[in-house]
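Here's the structure we're looking at; comments come further down.
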Amino acid sequence: MARKDKPRRARAETPKGFRDYFGAEVVERKAMLDAIAEIYHRYGFDALESSAVETVEALGKFLPDVDRPNEGVFAWQEDADWLALRYDLTAPLARVYAQHRNELPTPYRRYAMGPVWRNEKPGPGRFRQFYQCDADTVGTASVAADAEICAMLCDTLKKVGINPGDYVVRVNNRKVLNGVLEAIGLEDEAHRAAVLRTIDKFDKVGETGVRELLGEGRKDQSGAFIDGVGLANDQIESVIVFLGARAKAAARVARGEHTQGAGIRLEARTSSAASERWRSDDERFLKMASDDPERLLNFETLNELRGLVGRSEVGLQGIDELEEMADLLDLQGYGPDRIVIDPSVVRGLGYYTGPVFEAELTFEIADEKGRPQRFGSVAGGGRYDDLVTRFTGQAVPATGVSIGVDRLLAALHAKGRTGGAAAGPVIVTVMDRDRMAEYQSICAMLRGAGIRAEVYFGNPKNFGNQLKYADRRGSPAAIIQGSDEAARDVVQVKDLVLGAKLSQDATVEEWKENPSQTEVPVGDLVTHLQRLLK
RNA sequence: GCCGGCGUAGCUCAGUUGGUUAGAGCGCCUGAUUGUGGAUCAGGAGGUCCCCCGUUCGAGCCGGGGCGCUGGUACCA
């Protein structure tokens, strides 16, 4: 057969889950990374750039398995070691801190940005390589550090063009979740993990969905059956009530009710430090209740939750921590319009040990087909007190945040807040091939004046193609100099933006008369263009 | 992994009850136009109809298997 004679050509395509970034996209992302870094830096965090490759052992969890060494990560074997591309920036930080802890200050505050890689099935908006921008504080257990990270996240979102009202930072605490699991008497690790995963889906599947998933299971919209956790009915009800705590508090606040005096349940608290602070603040709360009851929402939610974790020591501790965070943030002006205590926040099953949070965009976003799109969280983080311990054997508390830069960019794009057509360079056209040096000189003159410019390097035979090229590049102007103009030491400056506008309602003949073209002495070219480019 | 949808030109797709040389639009190239972007006109390049097996005189179309893509879901440090 003939086809056998034809060698198979190489396929020009990016591997699944990867993508190429062109001109404006690269510039935009860099601008966003710079903006984020500026805020991180201003908050006192130091830059850190660690290697993209780590040993699998340092990344943790994924021990080389003969059968599936690549599960989740891009890994390969080098001599006795398994190496892998980093899958986030937190695990490398733990390694760096453990390795250099004698030279680093404590607490160590660092920010990092760069691509991370995950060897997973890609989906819409999910790639196998993407950018993260992290800030972490290592070496302090203070809840103030967690609160600061949340405040900084708010400031950062504002900096990149997302204002209060366009997002919420939903905050929870793993200790509270553990407290609830304890309260419903769930000991089995696998079951506990499954319940947490289900709680995490509350937003997506709603109350009935969670009920089904905690019980017998449910059919999703594609018809696939998802196994349930198999909890008893009273256990399920407890979880549902837990998840509904915020809504219940909100309803109460809306009715103008509130728990009389925030200190009313002080006796139930376990953390003496928190109790002290709160007792002295009682008056402030009573004032808040009369002035601006909405501000009580987070605290009312916590009061609801307090009853639900019951006798669980760890649960009460988590609520105290949340209350302290909410209070710190509220006092700094980060109120419940942005900071939302939400019991359904879980953040995966990984290394988090205390406060967890994620930033979610609240504005509507439509995809190319106009369907409303779920964007999920654009940033998240929390406290991970055990991550460094793997290396040092000593407890090193740490907390931090990670911003998903690509997702954030995509959201801003879909929202139309970024991604305008990028301006192209001024194109110096080639009329006479043997005067190339002069065209280059004109170009050099423009570049010297800070104007982005280039000489046309395509085939100059057809002059129309040169303008077509300039058009495609989005050039603001084309410079034309034939022998006529050269003899008189002038150039033609063609205003391509104006020309394009005129072409829309002019006839071909009118348009071709070139009202957008002006003759300029070579000596005045820079000034003329500078005025034109404004 | 599980459930569904879809695989025909670079892209978006059409393709009749199975019938000769597989089409359109867009894009690309050449020319009308050796000093001017759009539009128009003329011409051109570009195809293993995802792969294999089967049914048939004959398969892009029917049957079986495989692969790929895609949407949802599961997992996600």
Side-chain angles (χ1 to χ4, degrees), chain A residues 1-9 11-13 16-17 54 56 58-62 68 71-73 84 86-92 94 116 118-126 128 193-194 197-198 200-201 204-205 209 213 217-227 346-352 367 369 371 374 376 380 382 384 387 390 402 427 429-433 459-475 477-485 492 494-514 516-517:
Chain A
M1 281 202 265
R3 72 173 69 129
K4 279 179 184 150
D5 305 332
K6 245 196 226 171
R8 192 195 173 81
R9 281 180 297 204
R11 283 168 303 145
E13 56 188 34
K16 189 165 65 167
E54 296 277 346
V56 166
L59 289 177
K61 189 172 174 179
F62 288 93
R68 322 167 71 180
E71 183 75 358
V73 298
R86 64 185 178 204
Y87 57 76
D88 71 7
L89 297 173
T90 310
V116 301
R118 295 188 186 182
N119 194 2
E120 303 170 334
K121 178 188 162 190
R126 287 187 59 163
R128 296 206 285 174
R197 279 195 299 265
T198 307
D200 202 23
K201 293 188 183 79
K204 202 183 282 185
V205 301
L213 286 173
R218 81 191 287 260
K219 248 194 179 91
D220 70 28
Q221 15 177 322
S222 72
F225 186 79
I226 316 296
D227 286 337
V346 177
R347 294 293 303 163
L349 296 177
Y351 41 62
Y352 292 113
D367 64 10
K369 287 162 193 154
R371 294 173 305 194
R374 273 198 77 90
Y384 49 99
L387 206 52
R390 290 203 347 262
S402 177
I427 303 294
T429 59
V430 176
M431 202 64 87
D432 307 313
R433 267 183 234 227
N459 186 349
K461 189 185 73 173
N462 184 343
F463 190 74
N465 282 348
Q466 303 199 33
L467 291 180
K468 226 180 252 179
Y469 172 79
D471 197 35
R472 169 173 283 194
R473 289 296 307 276
S475 300
I479 308 299
I480 304 164
Q481 191 191 52
S483 42
D484 292 359
E485 287 90 356
Q492 302 287 337
K494 191 172 181 60
D495 183 341
L496 295 168
V497 179
L498 179 61
K501 202 188 284 175
L502 291 175
S503 75
Q504 284 177 354
D505 35 37
T507 67
V508 177
E509 285 69 31
E510 284 168 356
W511 183 54
K512 293 238 169 182
E513 282 169 22
N514 299 312
S516 57
Q517 193 167 319

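In the text below, chain A, chain B and the rest are named by the order of the sequence lines, each starting its count at 1.
For the pair A/Lys461 and B/G31, the criterion of a side-chain N or O lying under 4.0 Å from OP1 or OP2 is met. The side chain of A/Arg218 places no N or O atom within less than 4.0 Å of a non-bridging phosphate oxygen (OP1 or OP2) of B/C3. Regarding contacts with the backbone of B/G72, every side-chain N or O of A/Lys121 stays at 4.0 angstrom or more from both OP1 and OP2.
Taking each heavy atom of A/Arg86 and A/Pro92 in turn, the nearest pair found is CB-CG, 4.1 Å.
Remark: the separation of the C1' atoms in B/C76 and B/A22 is 46 Å, to the nearest Å. Only the C1' atoms considered, B/C49 is 13 Å distant from B/A14, to the nearest whole Å. With P as the reference atom, B/G63 and B/G27 are 38 Å apart, rounded to whole Å. Using C1' as the reference atom, B/C67 and B/U30 are 40 Å apart when rounded to the nearest Å. The separation of B/C69 from B/C61, taken at their P atoms, amounts to 22 Å, rounded to a whole angstrom. A distance of about 36 Å separates the C1' atoms of B/G25 and B/G64, rounded to the whole Å. As rounded to the nearest Å, B/A74 and B/G15 have P atoms that lie 36 Å from one another. Look at the P atom in both B/C26 and B/G43: the space between them is 15 Å, to the nearest Å.
Mapping A/Phe225 and A/Gly123 onto RNA chain B by nearest heavy atom places A/Phe225 at the nucleotide closer to the 5' end. Of the residues near RNA chain B, A/Lys16 and A/Ile226, the one whose nearest nucleotide (by heavy atom distance) lies more toward the 5' end is A/Lys16.
Between A/Glu120 atom CD and B/U73 atom C1' there is a gap of 15 Å when expressed in whole angstrom units. At whole-Å resolution of the value, CG in A/Asp227 and C1' in B/G1 are 12 Å apart. Taking atom NZ on A/Lys201 and atom C1' on B/C75, their separation rounds to 9 Å, with Å as the unit.
Both distances falling under 3.5 Å, in either a Watson-Crick or a G-U wobble arrangement, occur for no nucleotide opposite B/A14. The partner of B/C67 is B/G7, judged by Watson-Crick or G-U wobble contacts that both fall below 3.5 Å. When both pairing distances are held under 3.5 Å, B/G38 makes no Watson-Crick or G-U pair with any nucleotide shown. Remark: B/C29 base-pairs with B/G43; criterion is Watson-Crick or G-U wobble with both hydrogen-bond distances under 3.5 Å.
Under the 4.5 Å side-chain criterion, counting only non-hydrogen atoms from C-beta, A/Arg197 is not in contact with A/Asp200. Between A/Pro460 and A/Gln466, some side-chain heavy-atom pair lies under the 4.5 Å cut-off. Contact annotation: the side chain of A/Asn465 never approaches that of A/Asn459 to less than 4.5 Å [non-hydrogen atoms, C-beta and beyond]. A 4.5 Å side-chain heavy-atom check between A/Lys461 and A/Arg433 finds at least one atom pair inside the cut-off.
Residue side chain A/Arg197 does not reach the base of B/C76 through any donor-acceptor N/O pair under 3.5 Å, judged by distance alone. Between the base of B/U36 and the side chain of A/Gln517 there is a donor-acceptor pair shorter than 3.5 Å. Side-chain atoms of A/Glu485 and base atoms of B/G35 include a donor and an acceptor less than 3.5 Å apart.
Stacking is found between A/Tyr87 and the pyrimidine-like six-membered ring of the B/A77 base under the 5.5 Å centre-distance and 30° plane-angle cut-offs.
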